[in-house]
Amino acid sequence: MLLNETHDPGLPSWVASAHKADTDFPIQNLPHGVFRRRQSKEAWRGGVAIGDAILDLTAVAALPSDERPMDDEATRALLAASQTSLNALMALGPTAWHALRLALSRALRVGAPQAAAWRSCLVPQAEAEYQLPVEVGNYTDFFTSSHHALNAGRVFQPGRELLPQFKWLPIGYHGRASTVAISDTPLQRPAGQILLPGQPQPVYAPTRQLDFELELGVLVGTGNTLGQPLPLAQAEQHLFGLCLLNDWSARDIQAWEAVPLGPFMAKNFLSTLSPWVVTFEALAPFRVPLPRAEEDPPTLPYLDHPEQVRQGAIDIALEAQLQPAGQASLQRLCLTNYRHAYWSAAQMLTQHSSNGCRLQAGDLLGTGTLSGPAPEQAACLLELTQGGRRPLTLPDGTQRHWLEDGDTVVLRGWCQREGAARIGFGECRGQVLPHAG
Ligand code: MN
């Protein structure tokens with residue numbers, strides 16, 4: 001994807017908070033979400049984050065047309081983006097997404113003649129609450145970090161090598177769209193069937209091995225026709241954007257149930273998404289080569305494309321933090337990066353459609369746990385504690401084998417490099433509540 005005037009790191013905005021050094025939402029980002037004022041009866045509606053505010057797209061759409069200088073394509077995208085979910089916008093495709101981004105970027109710049117009118121369309125983020133930005137039709141979780149695959153495999157079976165198929169195809173499983181929820185949704189500790197050590201038979205009990213997984217959620221924009229695979233060269237044009245995703249997991253339930261068919265009840269009790277969707281266009285300045293080593297097997301032609309090798313990966317720093325039960329401070333659990341994933345988002349989409357399976361606007365593809373090569377880049381407790389065998393000690397001395405009741409997990413992500421404006425994802429948060437019942 002090419003850089004254009006919306007990526008210019010020198011663009012000034014008349015929204016002063018968009019210039020704070022640590023803001024996730026400068027004018028070069030413009031992520032989409034769905035919001036309303038907290039504790040209000042207002043309608044849910046689409047907005048774009050700018051600095052510490054939200055540009056209310058229903059308010060922009062209601063301005064007189066001379067205060068809203070947009071071509072037909074951008075106007076159509078604006079109306080779609082202001083609805084109670086982003087699905088209609090996502091279904092319009094990349095030309096419309098770009099037209100809206102360009103129009104919003106121009107109107108939010110210093111000197112835009114409509115600044116005075118648009119200022120009345122801002123809502124402080126501090127006053128907002130969010131709902132899921134998309135109606136998720138289907139949810140598939142992949143397994144794209146070879147570091148996670150290797151480390152997690154070794155917890156269950158010491159010395160195990162990477163499974164032979166891992167570097168031939170992006171592996172995934174079908175999850176549950178119905179238990180995808182927005183950031184800040186509390187997680188009640190789930191119960192399930194668990195085989196306790198040394199016991200002859202399993203029990204049904206609250207999980208003792210509750211974990212987080214730091215992932216990104218890839219949101220499908222335009223889908224494909226049933227029976228028609230999406231070629232890799234075109235796959236990325238079908239992808240709308242990325243959000244943070246916490247794929248909460250119960251490792252004791254997983255260990256008992258997962259062989260031979262893979263994750264089931266250990267994963268489908270809650271998957272938490274961040275409110276803001278960062279578009280692939282906003283991420284264009286942060287593209288990097290896919291990680292490939294001399295000894296890696298060849299990639300089959302349908303999953304291979306020079307553009308993907310050259311810039312299929314994205315440099316996104318990803319952090320998980322723990323706010324331990326009863327404490328105010330946040331402690332770092334891990335700091336990793338999306339650039340270490342072996343398979344790109346486009347390769348995930350191409351693989352998913354490779355047998356003709358139909359993908360649709362609003363489908364969610366999880367990247368899988370995004371562990372990197374270094375130990376502190378392990379992106380779940382299963383790896384950080386070697387399956388609970390060795391506690392993780394946090395900077396303030398707090399120790400954890402697994403998540404405890406009252407713990408809050410916060411995920412963050414951001415992109416930063418010389419010559420580009422820093423952009424971020426906001427946060428994805430969830431607190432563990434005691435098992436009920
Ligand atoms: Mn996962």
Side-chain angles (χ1 to χ4, degrees), residues 136 138-156 162-163 165-166 169-181 183 185 187 190 192 207 209-220 242-259 261-274 316 318-320 333-334 336-338 340-345 347-349 351-352 363-372 377-385 387-388 402-403 409-413 425 428-430 432:
V136 179
N138 277 287
Y139 166 42
T140 301
D141 199 20
F142 282 82
F143 196 48
T144 63
S145 160
S146 60
H147 310 286
H148 172 65
L150 188 64
N151 296 337
R154 285 182 174 170
V155 168
F156 291 113
L162 202 59
L163 293 170
Q165 62 272 50
F166 183 93
L169 76 154
I171 298 168
Y173 68 94
H174 287 114
R176 291 286 303 176
S178 60
T179 40
V180 178
S183 179
T185 302
L187 166 60
T207 175
Q209 299 186 348
L210 187 62
D211 201 353
F212 71 96
E213 288 188 340
L214 170 49
E215 306 194 12
L216 286 166
V218 181
L219 288 165
V220 177
L242 293 177
C243 4
L244 301 165
L245 169 65
N246 186 344
D247 180 26
W248 305 92
S249 299
R251 301 304 184 186
D252 40 8
I253 300 172
Q254 185 178 359
W256 174 237
E257 74 172 12
V259 179
L261 284 184
F264 182 33
M265 305 307 283
K267 302 267 191 183
N268 63 8
F269 49 88
L270 186 69
S271 310
T272 308
L273 268 194
S274 60
I316 305 174
L318 295 163
E319 181 181 32
L333 288 160
C334 66
T336 180
N337 196 299
Y338 183 42
H340 302 302
Y342 190 83
W343 298 105
S344 70
Q347 286 169 322
M348 285 160 48
L349 183 63
Q351 176 62 24
H352 210 318
D363 282 355
L364 171 66
L365 311 181
T367 57
T369 307
L370 289 171
S371 303
Q377 293 174 318
C380 61
L381 287 170
L382 179 75
E383 290 176 64
L384 289 165
T385 70
W402 305 104
L403 296 173
V409 176
V410 180
L411 310 183
R412 293 181 204 282
F425 284 74
C428 178
R429 179 183 284 267
V432 179

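In each ligand, atom 1 is the first atom listed, and ligand 1 is the first ligand listed. The structure presented is a predicted model; accordingly, all values stated were derived computationally and were not measured.
- Partners of Arg154 by salt bridge (charged side-chain N to carboxylate O under 4.0 Å, His left out), not counting sequence neighbours, listed by chain and number: Glu161.
- The backbone N or O of Glu213 lies less than 3.5 Å from a partner atom in the side chain of Asn246, making a donor-acceptor pair.
- Between the side chain of Ser371 and the main chain of His147, no donor-acceptor pair closer than 3.5 Å is present.
- Protein nitrogen, oxygen and sulfur atoms, that is N, O or S, within less than 2.8 Å of the Mn ion (ligand 1) amount to 4.
- Judged by distance alone, with hydrogens and angles left aside, the side-chain atoms of Thr179 form no donor-acceptor pair with the main-chain N or O of Phe269 at under 3.5 Å.
- At a cut-off of 3.5 Å, with distance as the only test, no side-chain donor of Asp211 or Ser249 sits close to an acceptor on the other residue.
- Here NE2 of His148 is found 3.5 Å from OG1 of Thr369. Values are rounded to the nearest 0.5 Å.
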